[in-house]
Amino acid sequence: LGDAAGGVRIYVKRDDLMGLGGGGNKLRKLEFLLGEALSQGCDTFITTGGMQSNHARLSAAAAAHVGLDCELVVTQLVARMDEAYRRNGNMLLYGVFGAKVHLLAGTESALDFAMKRAEALRNEGRRPYVVGSGGSSPVGCLGYAACAVEIIQQEKAVEGGFAHIVVANGSSGTHAGLAAGFAAMGMTPARIRSYAVLNPAEQTQETTCDLANATLALIDSTASTDSSAINVEGDQLGDGYGIPTSAMLSAVRTMARTEGLLLDPAYTGKAFAGVLDAVRSGAYKSGDAILFVMTGGLPGLFAYRPAFEDAS
């Protein structure tokens, strides 16, 4: 960024480097979700998401790793039906990992379908475990409550600590888990800033707050948080979930061409576009350290080939 950084220090937490299925932050949630499924004696993991869902991909990989069958209920949430989007990226990998895929129209309820599918499996004597989009249940959010502790330990090596911790916010589990973790440790969650990539900021803020408090209840904490401590920005959403923006395309190229790191189009690309805009506009002070949580999603790049080619 050169002089445009204004003395702001940007750190990246590499949650894209986790070991299974191409990596990504959903593995933090799946550690707890699959743990619960196994403890309940389940034999099939069922979850939902969009056609290019990173959570669905990692669910398939992690379920295979622990010996569970996996069924994915994916919906056409994004108005993209080009060949790359329909067949490449995560859509390709679902089958590679051996998952059974149910493809629904965007108007259908994936969770309703998943629940009916689970009932059908129970009638066959199976024991399914169902979780919704992004693995963003209170159990799943425990993964990022634990991550909050990790960040607090890591920032001891950073002079002045982190002024802000920045994440993408789709199904709200990452932000909510971090907020719960901070609140449980007696720290304000207000340092966390997320960029809404699925729903408008106000709706995302409400969902994040409710989920953070449900996660705190699961931790058995006496702490709670309110919406005033949940900071969600809506200026990078663009025309909607999974729809490319010029700022996202530029942010992906900036990170790739300066650091050699690959962001994804739906989540980290838009969130990092928000970081760049905030830095360039002077929203942070000189000397501030900003932590960007790079949550993964690399396979999504291959599903967006036309968008990058058109913008080149």
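Every value quoted in this text rests on a predicted model; they were computed, and no experiment measured them.
- The environment of CZ in Arg305 is sparse: at most 12 heavy-atom neighbours from other residues, nucleotides or ligands sit within 6.0 Å.
- When all heavy atoms of Gly24 and Met18 are compared, the pair lying nearest together is O-SD, 3.5 Å.
- More than 12 heavy atoms of other residues, nucleotides or ligands sit less than 6.0 Å from atom CD of Gln154.
- Two different hydrophobic clusters hold Leu276 and Leu291 under the rule that ILVMFWY side chains link at heavy-atom gaps under 4.5 Å.
- Side-chain heavy atoms closer than 4.5 Å link hydrophobic residues (I, L, V, M, F, W, Y) into clusters, and following such links, even through other members, never connects Val139 to Tyr144.
- For the 3.5 Å distance criterion, the side chains of Asp277 and Ser281 fail to qualify, holding no donor opposite an acceptor.
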Exercise. Test Leu249 against Phe308 for side-chain contact (heavy atoms from CB on, under 4.5 Å), laying out the working first.
Key: CA-CA 7 Å; Leu249 294 166; Phe308 282 90; 3.6 Å; yes
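- We find the CD-CD1 distance between Glu259 and Ile10 to be 9.0 Å, quoted to the nearest 0.5 Å.
- Aromatic rings of Phe292 and Tyr11 (six-membered ring for Trp) have centroids beyond the 6.0 Å cut-off, not under it.
- Under the 4.5 Å side-chain heavy-atom criterion for grouping Ile, Leu, Val, Met, Phe, Trp and Tyr, Tyr195 is not connected to Leu237 through any hydrophobic cluster.
- Under a 3.5 Å cut-off, the side chain of Gln203 and the backbone N or O of Pro200 do not form any donor-acceptor pair.
- Each of Leu263 and Val293 belongs to its own hydrophobic cluster when Ile, Leu, Val, Met, Phe, Trp and Tyr are linked at side-chain heavy-atom distances under 4.5 angstrom.
- To the nearest 0.5 Å, the span separating CZ on Arg87 from CE on Met51 amounts to 10.0 Å.
- Contact of the Met294 side chain with the Lys13 side chain is not registered, since no non-hydrogen atoms from C-beta on lie closer than 4.5 Å.
- Looking at Met91 and Gln52, their side chains come closer than 4.5 Å, going by heavy atoms from C-beta outward.
- Summarising the local packing, NE2 of His164 is surrounded by more than 12 heavy atoms from other residues, nucleotides or ligands at distances under 6.0 Å.
- Taken from CE in Met185 to OG in Ser221, the straight-line distance is 10.5 Å, to the nearest 0.5 Å.
- Side-chain contact, Thr295 with Asp15: no donor N or O sits under 3.5 Å from an acceptor N or O.
- Side chain of Lys26 to main chain of Ser59: no donor-acceptor pair is present (N/O by atom type, distance under 3.5 Å, no hydrogens or angles).
- You'll find the side chain of Leu211 reaches within 4.5 Å of the side chain of Ser136, heavy atoms only.
- The pair Glu83-Arg86 counts as a salt bridge, with a side-chain nitrogen and a carboxylate oxygen less than 4.0 angstrom apart.
- At a threshold of 4.5 Å between non-hydrogen side-chain atoms, the residues Gln236 and Val197 do not count as touching.
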Practice problem: Show your working on side-chain contact (heavy atoms from CB on, under 4.5 Å) between Thr44 and Glu71 and close with a plain yes or no. | Solution: CA-CA 7 Å; Thr44 307; Glu71 298 201 12; 4.2 Å; yes
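- Side-chain polar atoms of Arg57 and Asn54 form a donor-acceptor pair below 3.5 angstrom.
- Proximity of a side-chain donor or acceptor of Asp288 to a complementary backbone N or O of Lys285 within less than 3.5 Å is detected.
- Atom CG of Leu58 is separated from atom CG of Leu93 by 9.5 Å, given to the nearest 0.5 angstrom.
- Checking side-chain atoms of Gln205 against main-chain N and O of Ile230 turns up a donor-acceptor pair under 3.5 Å.
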Quiz item: Should Leu111 and Val130 be marked as a side-chain contact (heavy atoms from CB on, under 4.5 Å) after you check the CA-CA gap, both sets of side-chain angles, and the distance that decides it?
Solution: CA-CA 9 Å; Leu111 189 57; Val130 179; 4.2 Å; yes
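- Between Arg280 and Leu1, the closest side-chain pair of non-hydrogen atoms falls below 4.5 Å.
- With hydrogens and angles ignored, the 3.5 Å screen pairs no side-chain donor or acceptor of Lys29 with any backbone N or O of Gly143.
- Relative orientation of the Tyr304 and Tyr85 rings is perpendicular, given thresholds of 30° and 60° on the angle between their planes.
- In terms of modelled atom types and a separation under 3.5 Å, the side chain of Thr204 and the main chain of Asn199 share a donor-acceptor contact.
- With a 4.5 Å cut-off on side-chain heavy atoms, Leu72 and Thr47 count as touching.
- Across Thr75 and Ala110, no two heavy atoms sit closer than the pair CG2-CB, 3.7 Å.
- Between Thr254 and Val252, every side-chain heavy-atom pair lies at or beyond the 4.5 Å cut-off.
- Electrostatic pairing of Arg126 and Glu119 does not count as a salt bridge here, judged by no charged N lying under 4.0 Å from a carboxylate O.
- Between the NZ atom of Lys116 and the CG atom of Leu121 there is a distance of 14.5 Å, given to the nearest 0.5 Å.
- For Ala56 against Val74, the heavy-atom pair with the smallest separation is CB-CG1, 4.4 Å.
- The nearest pair of heavy atoms linking Tyr129 to Cys42 is CB-SG, 3.8 Å.
- Looking at Ser250, its side chain never comes within 3.5 Å of a backbone N or O of Ser246 through a donor-acceptor pair.
- Side-chain N or O atoms of Arg9 include one that pairs as donor or acceptor with a backbone N or O of Glu159 at under 3.5 Å.
- Counted by atom type alone, Asn169 and Ser172 present one or more donor-acceptor pairs between their side chains at under 3.5 Å.
- Leu198 and Leu104 are members of different hydrophobic clusters when ILVMFWY side chains are connected at heavy-atom separations under 4.5 Å.
- Ionic pairing of Glu155 and Arg191 is present here: one or more N-O contacts between side-chain nitrogen and carboxylate oxygen are shorter than 4.0 angstrom.
- Residues Ala289 and Gly161 approach most closely at CB-O, 3.5 Å, considering heavy atoms.
- Taking every heavy atom of both residues into account, Ala60 and Ala99 meet most closely at CB-CB, 3.8 Å.
- No more than 12 heavy atoms of other residues, nucleotides or ligands sit less than 6.0 Å from atom CD of Glu206.
- Side-chain N/O atoms of Ser133 and His55 include no donor and acceptor closer than 3.5 Å.
- Counting only distance, with no hydrogens or angles, the side chain of Arg127 and the backbone of Gln40 share a donor-acceptor pair below 3.5 Å.
- The distance from the OH atom of Tyr94 to the CG atom of Leu92 is 10.5 Å, given to the nearest 0.5 Å.
- By the 4.5 Å heavy-atom criterion applied to side chains, Ile192 and Val166 are not counted as neighbours.
- Ion pairing between a basic and an acidic side chain is recognised when a charged N comes within 4.0 Å of a carboxylate O; Asp69 and Lys100 show no such pairing.
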Self-check item: Check against side-chain contact (heavy atoms from CB on, under 4.5 Å), Val279 and Tyr284
Solution: CA-CA 6 Å; Val279 169; Tyr284 301 121; 3.9 Å; yes
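- In Asn123, the CG atom is crowded: over 12 heavy atoms of neighbouring residues, nucleotides or ligands sit closer than 6.0 Å.
- No side-chain N or O of Ser53 forms a donor-acceptor pair with one of Asn90 less than 3.5 Å apart.
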